[in-house]
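Everything quoted here is computed from the prediction, not taken from an experiment.
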Amino acid sequence: MGKIAIATPQEIVAVDRRRVREIVRAVLDGEGAADAEISLAFVDNPTIHTLNKRYLDHDEPTDVLSFPLSEPHAKRLAGELVIGVEVAQVQALERGHDVQQELVLYVIHGLLHLCGYDDKSDEAAAEMRRRERHYLQELGLPDIV
């Protein structure tokens, strides 16, 4: 039997933790959430697929899942983001930009959900896209929204 190589999501795409912290801080500061505890997990397709099915009943991998752990408008924002690294790879390739930029977009998107934005209606989705573009620009990144 041959060897089977298994790579973790961080081995597939390196995650710059310092840069991720900067992005999180920029978005949370911009949204007025100065006191926050946010956990981020960068996962593979099977993991995010399982979570997406379990919590949203969507039977497919997805880009990012947001799990708020505090009440809306709480003094301290708490939540978890689960980010699909393999989804980011595919989307970045299809859309012709760097996978790191795609991951930044997912972090911003997930944080905006934790801050109370949603994308369930056309109007709400347009506002979310506007905020995503704002933070990409603030971070000196191209508009990949």
Q) Would you say Ile83 and Val15 make side-chain contact, with heavy atoms under 4.5 Å? A) no
Q) Which pair of heavy atoms, one from Ala14 and one from Gln100, lies closest together, and at what distance? A) O-NE2, 2.8 Å
Q) If you round to the nearest 0.5 Å, how far is CG of Leu141 from CG of Leu105? A) 10.0 Å
Q. Is any NZ, NE, NH1 or NH2 atom of the basic residue among Arg130 and Glu127 found under 4.0 Å from an Asp or Glu carboxylate oxygen of the other?
A. yes
Q.
A side-chain contact here means heavy atoms from C-beta on lying under 4.5 Å apart; do Thr47 and Asp44 qualify?
A. yes
Q) If every non-hydrogen atom of Pro61 is compared with every non-hydrogen atom of Val87, which pair is closest and at what distance? A) CB-CG2, 3.9 Å
Q: Identify, with sequence neighbours excluded, every residue that meets salt bridge (charged side-chain N to carboxylate O under 4.0 Å, His left out) alongside Arg129.
A: Asp119, Glu132
Q) Heavy atoms, side chains only, cut-off 4.5 Å: are His49 and Thr62 in contact? A) no
(Q) Any heavy-atom pair between the side chains of Met128 and His113 that's under 4.5 Å? (A) yes
Q.
Nearest 0.5 Å, please: how far is CG in Asp57 from CG in Asn52?
A. 9.0 Å
Q) Is any side-chain heavy atom of Ser70 less than 4.5 Å from a side-chain heavy atom of Arg76? A) no
Q: Count the heavy atoms of every other residue, nucleotide or ligand shown that sit under 6.0 Å from CG of Asp122, and state whether that count exceeds 12.
A: no
Q | Rounded distance (nearest 0.5 Å) linking atom CG of Asp143 with atom CD of Gln101 | A | 10.5 Å
Q.
Strictly distance-based, threshold 3.5 Å: is any side-chain N or O of Glu138 a donor or acceptor partner for the main-chain N or O of Val27?
A. no
Q. Does Ser66 use its side chain to pair, donor to acceptor, with the backbone of Gly110 at less than 3.5 Å?
A. yes
Q | Between CD on residue Glu123 and CG on residue Asp118, distance to nearest 0.5 Å | A | 10.5 Å
Q.
Tell me whether Tyr55 shares a hydrophobic cluster with Ile48, the cluster being built from Ile, Leu, Val, Met, Phe, Trp, Tyr side chains joined at under 4.5 Å.
A. yes
Q | Cluster overlap Val90 with Val64, hydrophobic side-chain contacts below 4.5 Å | A | no
Q: Apply salt bridge (charged side-chain N to carboxylate O under 4.0 Å, His left out) to Glu86 and list each qualifying residue two or more places apart in sequence or on a separate chain.
A: none
Q: Look at atom CD of Gln137 and say whether more than 12 heavy atoms of other residues, nucleotides or ligands are closer to it than 6.0 Å.
A: no
Q: Might you point out which heavy atoms bring Ile23 and Ile108 nearest each other, and give the distance in Å?
A: CG2-CG1, 4.1 Å
(Q) For a 4.5 angstrom cut-off between non-hydrogen side-chain atoms, does Leu28 reach Cys115? (A) yes
Q: Taking the side chain as every heavy atom from C-beta outward, state whether Glu31 and Arg131 have any pair of such atoms under 4.5 Å apart.
A: yes
Q) Looking at CG of Asp29 and OH of Tyr135, how far apart are the two atoms once the value is rounded to the nearest 0.5 Å? A) 8.5 Å
Q. Are any non-hydrogen side-chain atoms of Val20 and Val24 less than 4.5 angstrom apart?
A. yes
Q: Decide side chain to side chain contact (heavy atoms under 4.5 Å, CB included) for Arg19 and Leu139; before the verdict, give the C-alpha distance in whole Å, the side-chain angles of both, and the deciding distance to 0.1 Å.
A: CA-CA 10 Å; Arg19 181 69 172 142; Leu139 294 162; 3.9 Å; yes
Q: For Ala88 and Leu103, work out which heavy atoms get closest and say how close.
A: CB-CD2, 3.6 Å
(Q) I need the Thr50 OG1 to Asn45 CG distance, nearest 0.5 Å. (A) 10.0 Å
Q. Taking a hydrophobic cluster as the set of Ile, Leu, Val, Met, Phe, Trp and Tyr residues connected by side-chain heavy atoms closer than 4.5 Å, whether directly or through intermediates, do Leu56 and Leu69 fall within one such cluster?
A. no
